[in-house]
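No experiment lies behind these values; they were computed from the predicted model shown. Letters go in sequence order (proteins before strands), and every chain restarts at 1.
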There are 2 protein chains.
Amino acid sequence: MDKKPTIDDVARAAGVARATVSRVLNSSPNTSERVRERVLQAVKDLGYQVNLQARQLASGSSRLVALIFAADADAEPNSYYHSAVELGAMRACSELGYGLIAHTLDPAKDVHRSRVLAMVDERRCDGLVLTPPFSDDAGLIRALKQRDAPFVLISAGPDARRLAHSVGIDDRQAGFELGEHLVRGGHRCFGFISGPQDHRSAALRLDGFLEALNHAGVDESCVTVAKGNFTFKSGIDCAEKLLASAERPTALACANDDMAAGALFSAHRIGLNVPSDLSITGFDDTPVSQIVWPPLTTIHQPLRVIGSKAVELLVGQIMHENGASDAADHQHLVPFQLIQRSSTGQGAPN
Amino acid sequence: MDKKPTIDDVARAAGVARATVSRVLNSSPNTSERVRERVLQAVKDLGYQVNLQARQLASGSSRLVALIFAADADAEPNSYYHSAVELGAMRACSELGYGLIAHTLDPAKDVHRSRVLAMVDERRCDGLVLTPPFSDDAGLIRALKQRDAPFVLISAGPDARRLAHSVGIDDRQAGFELGEHLVRGGHRCFGFISGPQDHRSAALRLDGFLEALNHAGVDESCVTVAKGNFTFKSGIDCAEKLLASAERPTALACANDDMAAGALFSAHRIGLNVPSDLSITGFDDTPVSQIVWPPLTTIHQPLRVIGSKAVELLVGQIMHENGASDAADHQHLVPFQLIQRSSTGQGAPN
DNA sequence: ATCAAAATTGGAAGCGCTTCCACAAATTAA
DNA sequence: TTAATTTGTGGAAGCGCTTCCAATTTTGAT
């Protein structure tokens, strides 16, 4: 394996200075057409490829962005959610000439914050995309802003959205539509399987849901909330609890698809027919919602778009380098959609 | 934002030479305890952190490994599979002080090979982990070996395993056990939903399956094979086809869980009861297999372990730098396990 | 005590690139 | 035509680190 050609080799071959080659390669404005062509030809002839390390060291940027996910010790919760976001982020990255470092952290462990900060401190990446629950971690956000690190939040809660660039759907509205849908189906007694406390945007889904019921004149006492943690398993547990109550709900709304799948599982086990005995709704429209039987009525979040949008925003921020101050108005709302499938019946049960 | 301390600052603070600091930081053997302590203290005092770019440029290594996945334009096939492998890889990376770059490529597009090679050419990473179908791409493997790039294969077919380091299960044996299990259940008429052609290790599952039937004296004519592509959708389609045939199979074995879920979906739609009318088996033991109803009998692959093992092997290779020549005996077989759930009945139907 | 060998340490040369600065060439204005 | 600009280009100084090599100190054997 002979040594790779360097920028100096190209310069020599093209008969120009190293600086000129660099300029051509970075499409700086001041280069004549003639020289540009000669350089490009030399690059092609030699099969030259920039050494990113060197470029990064010299320019102070790594051309890498990091995507931060939560993952606790054993579960791989929401992995479809993650994959979709990651995929979108990757797309945007390749398009923009950036690399993507995906990083999972256990939000329960206390080191997570310093880990994230180390990524930017060590110049491992030029910027960060944070997914929940990190996107709601005010302390982390503050630390990031303090060191002028570019970052954008995905599905953050309203507080965090006020602080930094973010992308996500209008979770409250989505919850509202879910509530409406169920009310329209004739339901009057509800269960809601929510996400964990620190996932602010998921909490909004519940707010919106309740609002819809309220709007329809349903008393709040008719809805029981159980707190899950987005896993299939927690969906089973919560559903079991909710369905065992004296006044059994006829509709179960869940803060994500995995928990809805769990609820469905419970229903099967108990022998309830979905949707004739019980309606169930999910959230996210991950493949899970179609894999189960019956397929789930759910809210479609354009997760790939969210991922790519986040990276686009981030890279824009990195390039213009005009700090985080103008963040407030950089809240990107992407459209969601209620997807009606057969897990919710047309008429209310009995 | 004041400038970050450099190695020179540390050297000055500790009253030693820059080279000495470097030595301490890289735990080279020749440093006296006294100096080591002084340096470490200075590091702590200043809050010094190495600049990876610089280290990389100077040392010629990026301390980054890349994980290559397949993902075609719209589907996110097998995302649980990917997530699990990625998670395992990440674990190993953080443990070994490496970073992970995950990269998805469309194997259908022809640029994929050059993209991968660019990763190593541009020194974006020190090594690669290839997942199927890239792990069976002989051309890619050859190109990688040619440039002495360290890499390891995941779930590669036998041909590829002969060429390079690899980790995976004994797919043939797993297929065999699945076959045995179904035969033991009394089945005599089978359908098999296979993976795409270029996924060699998945093909082995079918080989083993057939072998088991053969072993049990079942005629090969009793099994019909449909070719899927690992997606839920393709599982539906294949199952539909297989179940429509004159001699309807009483058992459907699928090369992965997603397709098994699809088969299950078809069965539901047609009105077949699983497992009393039809037994179904999956492969991988991803969460999907427990999310569906009834939960799937499947083969558990320790995907996380596979991911971390692959990275460990890779890093070992990177460190020892003793080329790919001794690859042959570096085939790591990890144990799999048949997980029996309720999608396969105890007795044969009717 | 003496000298060779081993263990530490410092000095300095890069790694391959970007970018600031100065200078030459090509334009334009006067 | 000459002076004042506007380009385009080359030279050189780093970016922050590793690592080779030589110098120094320590160790251990004689």
Exercise. Ignoring backbone atoms, test whether Ser59(B) places a side-chain nitrogen or oxygen under 4.0 Å from the OP1 or OP2 oxygen of dT18(D).
Key: no
Quiz prompt | Side chain of Ala19(B) (C-beta onward), nearest among dG10(D), dT19(D), dG16(D) | solution = dT19(D)
Practice problem: Starting from the 5' end of DNA chain C, give me the residue, Leu57(B) or Gly15(B), whose nearest nucleotide shows up first. | Solution: Gly15(B)
Practice problem: Could you tell me the separation between the CD1 atom of Ile7(A) and the P atom of dA12(D), rounded to a whole number of Å? | Solution: 16 Å
Exercise. To the nearest Å, give me how far apart CG (Asp8(A)) and P (dG10(D)) are.
Key: 13 Å
Self-check item: Protein-nucleotide distance (Leu46(A), atom CG; dG16(C), atom P), rounded to Å
Solution: 14 Å
Quiz item: Of all residues at least two apart in sequence or in a different chain, which pass the side chain to side chain donor-acceptor pair (under 3.5 Å) check with Asp8(A)?
Solution: Arg18(A)
Self-check item: Qualifying residues under side chain to side chain donor-acceptor pair (under 3.5 Å), relative to Gln41(A), sequence neighbours excluded
Solution: Asp45(A)
Quiz prompt | Atom-pair distance (CD on Gln56(B); P on dG16(D)), nearest Å | solution = 14 Å
Practice problem: Starting from C1' on dG16(C), measure out to CZ on Arg55(B) and report it in whole angstrom. | Solution: 19 Å
Quiz item: Which pairs count as salt bridge (charged side-chain N to carboxylate O under 4.0 Å, His left out) when at least one residue sits in residues 127-138 of chain B, sequence neighbours excluded?
Solution: Arg113(B)-Asp137(B)
Quiz prompt | Sidechain-backbone polar pair: Lys145(B) side chain, Leu163(B) backbone, donor-acceptor under 3.5 Å | solution = yes
Quiz item: Once you round it to whole Å, what is the distance between P of dT19(D) and CG of Leu25(B)?
Solution: 12 Å
Under 3.5 Å, which N/O atoms of the protein pair with N/O atoms of nucleotides 22-28 of chain C?
none

Self-check item: Value in whole Å for how far the P atom of dG11(D) lies from CZ of Arg12(A)
Solution: 13 Å
Tabulate protein N/O versus nucleotide N/O from nucleotides 5-9 of chain C, keeping only pairs under 3.5 Å, one per line.
| from | atom 1 | to | atom 2 | distance (Å) |
| --- | --- | --- | --- | --- |
| dT8(C) | OP2 | Asn30(B) | OD1 | 3.4 |
| dT9(C) | OP1 | Ser32(B) | OG | 2.7 |
| dT9(C) | OP2 | Ser32(B) | N | 3.0 |

Quiz item: Which residue pairs pass the ring-ring contact (aromatic ring centres under 6.0 Å, His included) test when at least one of the two sits in residues 118-145 of chain B, sequence neighbours left out?
Solution: His112(B)-Phe134(B)
Practice problem: Determine which pairs satisfy ring-ring contact (aromatic ring centres under 6.0 Å, His included) with at least one residue from residues 43-70 of chain A, sequence neighbours left out, and list them in order. | Solution: Phe69(A)-His82(A)
Self-check item: Separation of dC15(C) C1' from Leu52(B) CG (nearest whole Å)
Solution: 15 Å
Quiz prompt | Residue pairs fulfilling salt bridge (charged side-chain N to carboxylate O under 4.0 Å, His left out) with at least one residue in residues 31-40 of chain A, sequence neighbours excluded | solution = none
Self-check item: Asn51(B) side-chain N/O to dC15(D) phosphate OP1/OP2 under 4.0 Å
Solution: no
Self-check item: Heavy-atom closest pair, residues Val120(B) and Leu128(B)
Solution: CG1-CD1, 3.7 Å
Quiz item: Which residues pass the side chain to side chain donor-acceptor pair (under 3.5 Å) test with Arg12(A), sequence neighbours left out?
Solution: Asp9(A)
